[in-house]
Every structure is written in structure tokens, then in C-alpha cells.
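This report concerns only the one structure given below.
Along the sequence shown, residues carry numbers from 1. Just so you know, these numbers use all the heavy atoms, side chains as well, and skip hydrogens, waters and symmetry mates. Every number for a ligand or one of its atoms is a count from 1 in the order of the listing.
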Amino acid sequence: MSDRTILVWFRNDLRIHDNEILLEAVRKADKVLPVYCFDPYYFQQTTTGTSKTGSFRARFLLEAVADLRKNLQTYGAELIIRTGSPAEIIPQLAEQYQVNEVYHHREVAYEETEISEQVEAALWKMRLNLKHFIGHTLYHKEDLPFPIKDIPDSFAVFKKKVERDSNVRPCVPTPGQIITPTITDAGELPTLEQLGLTNPIDDARATNYFQGGETAALVQLHNFFSKGDLAVKGKGRNGVINNNTSKLSPWLAVGCISPRQVYWEIFKHQNGNAQSGMLKLELLWRDYFRFMFKKHGQKFIKAKNELEELPADNSEAFETWAAAKTGVAFVDACMHELNATGYICNQCRQIVATYLVHELKADWTKGAAYFEEKLIDYSPASNWGNWAFIAGVNDAKESKYTIAAIPTKEQEAKSDFVATWQASKDAAGDLVGV
Ligand code: FAD
């Protein structure tokens, strides 16, 4: 009988550790065929004029895939890299290598699930199964104390019930050895130019540098816990923010590290520290947005009332905001930092998003699309979910947990709201004018 081969389709799970699809493929097959596709879909221009992927994230992704290949090689395996539509590439490779089954991690957002449906349909024609695994969240979907359709829309209720009635699974073991079939054309990593992008220019003033890949993710995890970051208090680069968060989001977004790995690391270092509690809370927010997408689909980011007035186009205000020229020092500093580095902290995101939506009254979806291009840690559910939350278009706004940056009733009066930011003008100064 011929060898059984399983194709492992890597997407946003670019790691060897705690990767169930890789482990299961090693256990169930004689040979494993690891594949990554650079899908041109993600490198095109959108209808709003932004790119789906900006150059900081694209560079990070290239580094992450290169690192995955290097790590797989240390296990005796090889990663096939292709540029093209997965719906064409996966079936071609399945045929070429006489694959018996294809494994992947299921996504929740619309575009990602549509791509897997296309792959599934193409494989189905060859009588091949695309097996879906669940592996992007901290809490496994099947361990939730409610079916997906009954997940509470309120984050507060979701958090309370999940923490009380569910547990985080342990990480899965790392395979000892990965045997691939003989691969003659593993393929080269594309260049940024081939993806239609230019090399990003690193700003010397940036406080964070994110190197793509599992190797760098594990270093960041280690540093965060061992170098006393948890204990560091103080102001971030923009002056007003206590910025001692994990900075793991770019790696979590493409799965160079799993939320479970982070959780169990927190558990190891837990000493009642407020920061480790915060980290767990933030991972729960991440889960919440993903589960909301699972429950509501695109409706989660749509107005509940179809007749609700659409936001004004207000393009001019939007352009001013994106170019960091609003004249409000703190907002401009944050937007400069985003444009120059691909990363701003959570509070800065909340503030600039709130300003665009509630102050400039511009179309929030344009802001979300702009973040989609610029953010190095862009993740569909987290980005669009947070934006919709701030725009108040869905059930999430009814959560008892309010976002710190949303102005109170008093702040909503323009003068007070702006005054709050003006107060931080001096501290923000050094990034204005990037
Ligand atoms: P930590 O505070 O250390 O949190 C640990 C992890 O929890 C993060 O790495 C992230 O994966 C997750 N997390 C933290 N806060 C949130 C949150 N509010 N919602 C969902 N997940 C969270 N995060 C993304 O990963 N990708 C995005 O595209 C994204 N877009 C956002 C857009 C807006 C308008 C806002 C307000 C927030 C967005 N966030 C997004 C959430 C948050 O800003 C970042 O996750 C956080 O700043 C990353 O820094 P950190 O890794 O130090 O976070």
C-alpha cells in the first residue's frame, strides 16, 4: 500500500509549537506536505483606495514564512512556497504529490472563510477532504459553556461565563520529526516588489521593531516575562500611555505564537500581578471578537437597523486624519506613528478611531480599511470588530465594558474633548512631524 500523505495548508498559524494541524498530520500520515500560498488577493488595492496589505505587514509576513521554512527544515521537513490563489495551488499540489487529505485551521472572517470554501470546493471535485481544525482562540469553541448561537453579545457576560465554566486546553506537543515527500521545487519566497510593494523605511524613533517569525515571537514572549516588563510602569512614546503591554499582537495575528502558549506562560509567571491579569483580559477580547464573527458573520459589523443613517462620506476629513494633519496634536502624533511604523498601542487606536468617528463624523469603514493596510498586526475580527464597536453599529456597544477612549457625555462637547488631547500635546511632541 502506498504512503499516506497529508497536505498542511499554513495560513495564520505560522508555527511549529502548539500547532494541532501539524501534529495531527504527523500522527495520521506517513508523509506531511507543508504549504504556504502568498495569495495575490491580499496584495491588491481596495475600492476605498487603500492596499489590503501595507509594506510593514508584508515584510513581517515574508520574515514569518521564511522562519517557518527554516524551522521546518530543522525537523527534516520542507515548506513549499507558492504565489497564487490557494484554490488553484492546493489542488495542483495535492494531485502532484498524491495527497490523501488537506488540513487547515478554520478562520472566522468573511474573506478568509470564502477562500477556504473555494479550496474545499476545488478539492471536493478531486474527492479530497479539507479537514477543518479550530486553533486560533484561547478557549476552544467546543469548550465554551454555550453553543455559538447563544454566545452572549455583552463582553462582560461572555467573560464571566467563560472564566467560570470553561478551561484553556494545554498546548499540544511539538512533533519530534516531520517527514515530507521528496520535493523538487520548494519555491522561493517572493520579494516585496513581486508583491507590488516597496521596502518600508524604518523610522529611527520607533520604539518597537517587529521581526516576523516564530523564533522572534518566542524571544518576545520570553523577554516580556523575564526582563521585568511586567513590572515596568511609565509613559509610552506618546507620553500619556502606560505602554507596558506584551507587544505580541503581530505574531499572534499570523499565528507565530498561539494565545494558549501566551496564556500558559502567564500562568507560569502569575503572581497576582495586575499586568498579567490585563494580558489575560486582552486575550479574552481577542476571543470575543472572533466568536462574535462566528456567531453573527458580517452582521456583526453592520448597523442593526438597515434604515440607520449612513455616515457622511466626509472624504476630506478622512484624508486629513490619515495624513496626520487634523491639527489635534495627540491624534496627529498617533497617526504619524502608525504611518511610520505600522504599530500604535491600543489606547492610541481607540483615540484616533473615536476621533474619526465621533469628532470628524467620517465613515468608520474607511478608517477600518486604512488600519487594515497600515497595521502590522492586522487581524480581521480584531480590527473590524473594534472599529464597529467604536462606531457603535452592533451589539457589542451594549457591553458593560466601555472602551476607555470613548468620550463621556461631557467630553463629547467638542471643546472638552479636544482639550483632553491638547493637554497631552507636549508629551506627544516628539513624534509630530515624522
Ligand atoms: P496586549 O495588551 O499585550 O494584549 C495581548 C493580546 O491580546 C494582543 O496581542 C492582541 O492579540 C489581543 N488584544 C489586546 N487588546 C485587544 C482588543 N481590544 N481586541 C482584540 N484583541 C486584543 N488587535 C489586533 O491584534 N489586530 C488588529 O487588527 C487590531 N485592530 C484594532 C483596531 C482598533 C480600532 C482598536 C481600538 C484596537 C485594535 N486591536 C487590534 C486591538 C489592540 O489595539 C491590539 O491588539 C493591541 O494594541 C496589541 O498590543 P499588545 O500585543 O501589546 O497587546
(message) Applying a heavy-atom cut-off of 4.0 Å, say which part of Tyr343 lies close to ligand 1: side chain, backbone, both or neither.
(response) side chain

(message) Within ligand 1, which atoms have a heavy atom of Leu252 less than 4.0 Å away?
(response) 6 (C), 9 (O), 11 (O)

(request) Evaluate side-chain hydrogen bond (donor to acceptor under 3.5 Å, both in side chains) for Lys247 paired with Ser249, printing each intermediate quantity in order. (result) CA-CA 6 Å; Lys247 311 290 181 307; Ser249 54; over 6 Å; no

(message) What I want to know is whether Gln350 and ligand 1 share at least one N or O pair that is separated by under 3.5 angstrom.
(response) no

(message) We want to know whether Glu214 and Trp251 form a side-chain donor-acceptor pair, criterion being a heavy-atom distance below 3.5 angstrom.
(response) no

(request) Nearest heavy atom to atom 46 (C) of ligand 1 wins, so pick from Asn346, Asn386, Leu138. (result) Asn346

(message) Does Arg260 qualify as a cation-pi partner of Trp264, given the criterion of NZ or CZ under 6.0 Å from the six-membered ring centre and within 45 degrees of its axis?
(response) no

(request) Look at ligand 1 and say whether Phe389 reaches it with a heavy atom at a distance under 4.0 Å. (result) no

(request) Spell out, as yes or no, whether a donor-acceptor pair under 3.5 Å connects the side chain of Gln45 to the backbone of Lys52. (result) no

(request) Taking only heavy atoms of Phe289 into account, list the atoms of ligand 1 that are under 4.0 Å away from them. (result) 19 (N), 20 (C)

(request) State which residues pass salt bridge (charged side-chain N to carboxylate O under 4.0 Å, His left out) with Asp39; sequence neighbours excluded, sorted by chain then number. (result) none

(message) Please state which option from Ser379, Ala368, Cys345, Ala353 has its nearest heavy atom closest to atom 28 (O) of ligand 1.
(response) Ser379

(request) Measure Asn383 to ligand 1 on non-hydrogen atoms and call it side chain, backbone, both or neither using the 4.0 Å cut-off. (result) both

(request) Would you tell me which option among Met278, Arg290, Glu282, Gln220 has the nearest heavy-atom contact to atom 22 (C) of ligand 1? (result) Glu282

(request) Mark yes or no: Arg57 above the aromatic ring of Phe210, with NZ or CZ under 6.0 Å from the six-membered ring centre and no more than 45 degrees from the axis. (result) no

(request) Would you mind listing which atoms of ligand 1 come within a distance below 4.0 Å of any non-hydrogen atom of Lys247? (result) 50 (P), 51 (O), 52 (O)

(message) Under a 4.0 angstrom heavy-atom cut-off, which atoms of ligand 1 come close to Leu279?
(response) 3 (O), 4 (O), 5 (C)

(message) Centroid separation under 6.0 Å, is that true for the rings of Trp285 and Phe155?
(response) yes

(message) Suppose I only count heavy atoms of Leu248 and a 4.0 Å limit; which atoms of ligand 1 are within that range?
(response) 9 (O), 51 (O)

(request) Return the set of residues passing salt bridge (charged side-chain N to carboxylate O under 4.0 Å, His left out) with Glu282 (not counting sequence neighbours), or none when no residue passes. (result) none

(message) Can you name the atoms of ligand 1, numbered from 1 with element, that are less than 4.0 Å from a heavy atom of Tyr378?
(response) 28 (O)

(message) Show the nearest heavy-atom pair for residues Met335 and Ala324, with the distance to one decimal.
(response) CB-CB, 3.7 Å

(request) Check whether any N or O atom of Ser249, backbone or side chain, sits under 3.5 Å from an N or O atom of ligand 1, and answer yes or no. (result) yes

